[in-house]
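Accompanying notes for the structure given below.
Every chain is numbered from 1 and lettered A, B, ... according to where its sequence line falls, protein lines coming before strand lines.
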Number of protein chains: 2
Amino acid sequence: MAVTLKDVAKLAGVSRSAVSRTYTDGASVSDKTRKKVEKAARELGYRPSLIARSLATNRTKLIGLIANNFQNPIFLEVFDLYTRALQKRGLRPLIVNLTDETDPEHSVQMLRQYNVDGVIVATSTLRPYFAKAFKDANMPVVHAFGRAEVGTDVHVVGIDNQACGKMAAETLLLHGYERIAFLGGPESATSTQDRATGFLGHLRDQGVVPVDVRYADAYGYQAGRDAMREVLKVEGVEAVFCGDDLICMGAMDETRQKGIRVPDDIGFIGFNDMAMAQWQAYNLTTVRQPTHDIILSSIDLVATLVEEPEKSLELRIFPCEVVERGTLRPLSQ
Amino acid sequence: MAVTLKDVAKLAGVSRSAVSRTYTDGASVSDKTRKKVEKAARELGYRPSLIARSLATNRTKLIGLIANNFQNPIFLEVFDLYTRALQKRGLRPLIVNLTDETDPEHSVQMLRQYNVDGVIVATSTLRPYFAKAFKDANMPVVHAFGRAEVGTDVHVVGIDNQACGKMAAETLLLHGYERIAFLGGPESATSTQDRATGFLGHLRDQGVVPVDVRYADAYGYQAGRDAMREVLKVEGVEAVFCGDDLICMGAMDETRQKGIRVPDDIGFIGFNDMAMAQWQAYNLTTVRQPTHDIILSSIDLVATLVEEPEKSLELRIFPCEVVERGTLRPLSQ
DNA sequence: AAAAATTTTGCAACCGGTTGCAATATTGTC
DNA sequence: GACAATATTGCAACCGGTTGCAAAATTTTT
């Protein structure tokens, strides 16, 4: 049915190798042959089969993209960037939706069967051993948004969550807040843990005792609301650092629904700077994570690893910055 | 490097066919042989290569999933559902991100090269000929969220946008609104056009002249805000039907920023019922689109088409419903 | 227990490409 | 123009599976 090498070769009056070489860069074909082949290919509407090529070359141009946070709009941005950037390099993502799955085994097998060239684990809510499983299966793997953990020799591209947590603390203190609460994401996520460490550590260093430390069940809106309901039971909370913008929006909605004003009565600072943080209804002051850089860099890294599997371990950490909008009270002059 | 059929065959002391048959359902293998093969496979950690299988069977288990609305959170839900539902059937999506690309040719070639089993075009903002291009390239294709257009013989799963537009109009009239504006999505999208037709048609039938008819540049938040700024220049607008929830949220934010209250001064009704429509800050009354049904059904349909390419043309239309929340004034008793 | 019917098995060709190698053609050198 | 160096070409094996077919093994029938 489909047009194959052989058909083109016959029409062009050359060998199959010649046709193959026309479509393999770096291969040796004379201009004359190439012209003939291209003409024949055009007439027949020929496209080389990537499947067959994959089988022969042992390269598929597929990159497994593992994610589990399909509820969080930040992932839409992540996803848009990944698909576009991979596309631009002639690669394609093979998405694995991990929603409620924690055993890497199944994903590993699946991606191995598709013979993906590499894997990007793009989530901060999985334990590092998850990414490690791919490495053990001999696939190049990069943990994007991951944590650099000793002993887990997997390449990581991300941010220094501890430093970012500290930045949030500094910002709140700078704005003169004293009765401060921490409302993190799921406690099991390394990103949450690190942000908590950095945030609470800096408060402690400054002699400030947090009025509440609490963790939402998920990086989600409702989880944020639910957790905030508890935080609000504490008397006189002045400001809250939320471990994620989405959680922060839920928390703000819960707060406002109680008739408490933001930022007049309670200030908020979020994390991520997702597109929605700019929305008028929230206008969120937040710690910006350089999603763009992380994604491009992780693609770069995985592409390098494909060529150079034994490349020595790399941690690529990008800086965050605080974006001041309207959810903290103004700096006192 | 990788373990192949041959290795397993040798260890199990059987022919390669026997091994292959063990992993092909419906093939004839005795229990004894199967046991031997499975034991050997387990010892070696063997998994059949899907690439090789694809080459031999001409089936890849890959479904091309074409989308272009990576800015709209509704797509995150769509995406989550697609990946999970496909996964469950042993299929995998091969995502094509169409952001600012309108020529189907490139996507067609790409998916043809990957030899996808079928294609789902999951967007309402592409012209039907886009989906048609895949059909012309002899791939089973389903246009999800598409419009049933005469002459474009492509399978469609979606909603009756005209009927839904009418429902929105009925709802506004029921609530006693008279000075009504229409704020649609991009005018080029068939979904927008149909919603407009249904909505404006019903108003006309009821003798109501809309105070404004306007189209946002995109199915997006900022586009909604910008368009609403114009709508607000019209004196005495009482209610707005937005062609999409995200647009509606933008429109509401613009409205409130001007100090105009929702729903006291202006009422809003959206479209889609995306997860965020429930958020406290918006609490949107909206026309619910049965995303879940559309997605499952489109997967079903495309899977059927893979087996039965000549299946006669099908349009699967699901009903919408109005979800009343808090952005319209209460029904007068 | 032999014959017939059925099930299981291995052989070998095939899916659509790539690539090392040796043969051939082309180009450059003197 | 002869010879060497280099570029191009085709052959054939291979990537890792599947599958039609005939032979072999097993089960059923008489």
Compile the donor-acceptor pairs under 3.5 Å between side chains in residues 42-49 of chain A and protein atoms, sequence neighbours left out, one pair per line.
| from | atom 1 | to | atom 2 | distance (Å) |
| --- | --- | --- | --- | --- |
| A:Glu43 | OE2 | A:Lys39 | NZ | 3.3 |
| A:Ser49 | OG | A:Ile51 | N | 3.3 |
| A:Ser49 | OG | A:Ala52 | N | 3.0 |

Inset, instruction - State whether a side-chain donor-acceptor pair under 3.5 Å links B:Gln113 with B:Gln109. - result: no
Inset, instruction - Specify the separation, in whole Å, of atom CG of B:Asp25 and atom P of D:dT18. - result: 10 Å
Inset, instruction - Supply the atom-to-atom distance B:Leu5 CG to B:Ser20 OG, rounded to the nearest 0.5 angstrom. - result: 6.0 Å
Inset, instruction - Would you kindly give the CG-to-P distance between B:Leu55 and C:dG17, to the nearest whole Å? - result: 9 Å
Legend entry - B:Ser30 vs C:dT9: side-chain N/O to OP1/OP2 distance below 4.0 Å: yes
Contacts under 3.5 Å, N or O only, protein and nucleotides 19-21 of chain C:
| from | atom 1 | to | atom 2 | distance (Å) |
| --- | --- | --- | --- | --- |
| C:dT19 | O4 | A:Ser17 | OG | 3.3 |
| C:dG20 | O6 | A:Arg21 | NH2 | 2.9 |

Inset, instruction - Measure the distance from CG on B:Leu50 to P on D:dC15 and round it to the nearest whole Å. - result: 19 Å
Legend entry - First encountered from the 5' end of DNA chain C, between B:Ala52 and B:Ala18: B:Ala18
Legend entry - Five-pair end axes of the helix from C:dA1-D:dT30 to C:dC30-D:dG1 and the angle they enclose, rounded to 10°: 30°
Legend entry - Between B:Asn68 and B:Thr123: side-chain donor-acceptor atoms closer than 3.5 Å: yes
Legend entry - Partner of A:Thr22 under side chain to side chain contact (heavy atoms under 4.5 Å, CB included), chosen from A:Lys35, A:Glu38, A:Lys36: A:Glu38
Legend entry - Heavy-atom closest contact (B:Val121 atom, B:His143 atom, distance): O-CD2, 3.3 Å
Legend entry - Euclidean distance, atom CG of residue A:Asn115 to atom P of D:dG17 [Å, nearest integer]: 10 Å
Legend entry - Whole angstrom value for the distance that separates C1' of C:dG17 from CZ of A:Arg53: 8 Å
Legend entry - Gap between atom CD of A:Glu314 and atom CG of A:Asp153 - 0.5 Å precision: 14.0 Å
Inset, instruction - Could you tell me the separation between the CD atom of A:Glu77 and the CE atom of A:Met274, rounded to the nearest 0.5 Å? - result: 7.5 Å
Inset, instruction - Could you grab the distance from atom CG of A:Leu91 to atom CD1 of A:Ile299, nearest 0.5 Å is fine? - result: 8.0 Å
Legend entry - Euclidean distance, A:Leu50 CG relative to A:Thr60 OG1, rounded to 0.5 Å: 9.5 Å
Inset, instruction - Select base, sugar-phosphate, or nothing to describe what A:Val29 touches, counting heavy atoms under 4.0 Å on all strands. - result: sugar-phosphate
Show which side-chain atoms of residues 289-297 of chain A pair as donor or acceptor with protein atoms under 3.5 Å away, not counting sequence neighbours.
| from | atom 1 | to | atom 2 | distance (Å) |
| --- | --- | --- | --- | --- |
| A:Gln289 | NE2 | A:Asn272 | OD1 | 2.6 |
| A:Thr291 | OG1 | A:Gln289 | O | 3.2 |
| A:Ser297 | OG | A:Arg316 | NH1 | 2.9 |

Inset, instruction - Would you indicate, yes or no, if D:dG10 has its OP1 or OP2 atom less than 4.0 angstrom from a side-chain nitrogen or oxygen of A:Ser15? - result: yes
Inset, instruction - Starting from C1' on C:dC14, measure out to CZ on B:Arg59 and report it in whole angstrom. - result: 17 Å
Inset, instruction - Could you list by number each residue of residues 32-43 of chain B showing a heavy-atom separation from DNA chain C of less than 4.0 Å, or answer none if no residue does? - result: B:Thr33
Inset, instruction - Could you tell me the separation between the NZ atom of B:Lys135 and the CG atom of B:Leu305, rounded to the nearest 0.5 Å? - result: 8.5 Å
Legend entry - Parallel, tilted or perpendicular: ring planes of A:Phe79 versus B:Phe70, cut at 30 and 60 degrees: parallel
Legend entry - Atom-to-atom span, OH of B:Tyr114 to C1' of C:dG16 - whole angstrom: 16 Å
Inset, instruction - May I ask you to list the residues of residues 4-12 of chain A, by number, that have any heavy atom positioned under 4.0 Å from an atom of DNA chain D? - result: none
Inset, instruction - Classify the side-chain pair A:Asn115/A:Ser54 by whether it contains a donor and acceptor separated by less than 3.5 Å. - result: no
Legend entry - Interatomic distance, A:Ile51 CD1 vs D:dT18 P [rounded to whole Å]: 14 Å
